[in-house]
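Notes for the one structure printed next.
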Amino acid sequence: MSENTDRYESAAARYFEAWNATEPEALRKAVAAAWTPDGGYTDPLADVRGHEGVAAVITAAHEQFPGFVFRPLGAVDGHHDTARFGWELVNEADGSAPVAGFDVVTLDAEGRIRQVLGFLDRVPAGA
């Protein structure tokens, strides 16, 4: 595994740790570990900057989908300071995955996220 591949996979792992944190203190720490202080998150439903904004989007997702976890779909791919990966939102009770998407992230020199551009590939009606 190359150093860059490890860098992209590590960034994605921290990203999923943040998205799966449900306790406020764990979420705060996970977001700070994954994103730069002024890092952003943009998808069709949100456009935020900074740790508080990112944490608020994650909290809202857990409120809308309680009992669900974010899981990677496929491998993490990247070049230069950019990585991409797929994900799905999985119901821990029955294994269903009503939401899936694809994210492109840009990283700083330490491998923390500067920006996420998210795309939603599968969303339930009314969500």
How would you list, by chain and number, every residue that makes a salt bridge (Lys or Arg N to Asp or Glu O under 4.0 Å) with [X], sequence neighbours excluded?
X: R14; result: none
X: D121; result: none
X: R28; result: E25

Work out which heavy atom in [X] is nearest to a heavy atom in [Y]; give both atom names and the distance.
X: S96; Y: F68; result: O-CE2, 4.5 Å
X: A18; Y: A30; result: CA-CB, 3.5 Å
X: A11; Y: G111; result: CB-O, 3.6 Å
X: G118; Y: P44; result: O-CD, 3.5 Å

Kindly write out the residues that satisfy side-chain contact (heavy atoms from CB on, under 4.5 Å) with [X], not counting sequence neighbours, or none if the list is empty.
X: A32; value: H51
X: D77; value: R84
X: V48; value: Y41, V54, V57
X: A97; value: E88, V90, R122

Working to the nearest 0.5 Å, report the span between [atom1] of [X] and [atom2] of [Y].
X: T22; Y: E63; atom1: OG1; atom2: CD; answer: 11.5 Å
X: R71; Y: N20; atom1: CZ; atom2: CG; answer: 8.0 Å
X: E17; Y: K29; atom1: CD; atom2: NZ; answer: 11.0 Å
X: I113; Y: T106; atom1: CD1; atom2: OG1; answer: 8.5 Å

Shared ILVMFWY cluster between L120 and L89, side chains joined below 4.5 angstrom? yes
Dump the intermediate steps for side chain to side chain contact (heavy atoms under 4.5 Å, CB included) on V31 and I58, then the final yes or no. CA-CA 9 Å; V31 168; I58 293 170; 4.0 Å; yes
Pairs meeting criterion salt bridge (charged side-chain N to carboxylate O under 4.0 Å, His left out) with involvement of residues 91-119, two or more places apart: none
Any salt bridge (charged side-chain N to carboxylate O under 4.0 Å, His left out) pairs touching residues 38-56, not counting sequence neighbours?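 Sorted result for residues 38-56: empty, none.
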Give a yes or no answer on whether the side chain of T82 reaches the backbone of G78 with a donor-acceptor pair at less than 3.5 Å.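 Flag not set: sc T82 to bb G78 has no pair under 3.5 Å.
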With side chain to side chain contact (heavy atoms under 4.5 Å, CB included) as the test, would you mind laying out the steps for Y8 and V105 before giving the verdict? CA-CA 9 Å; Y8 307 134; V105 301; over 6 Å; no
Selection residues 98-118 - residue pairs positive for ring-ring contact (aromatic ring centres under 6.0 Å, His included), sequence neighbours left out: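 Applying ring-ring contact (aromatic ring centres under 6.0 Å, His included) to every pair that reaches into residues 98-118, excluding sequence neighbours, yields nothing.
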Which residues share a ring-ring contact (aromatic ring centres under 6.0 Å, His included) with F16, sequence neighbours left out: F85
Which residues share a ring-ring contact (aromatic ring centres under 6.0 Å, His included) with F70, sequence neighbours left out: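 F70 satisfies ring-ring contact (aromatic ring centres under 6.0 Å, His included) with W19, W87 only.
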Heavy atoms, side chains only, cut-off 4.5 Å: are R7 and D81 in contact? yes
Checking side chain to side chain contact (heavy atoms under 4.5 Å, CB included) for the pair L27/T59: CA distance, chi angles, key distance, verdict? CA-CA 9 Å; L27 176 58; T59 298; 3.3 Å; yes
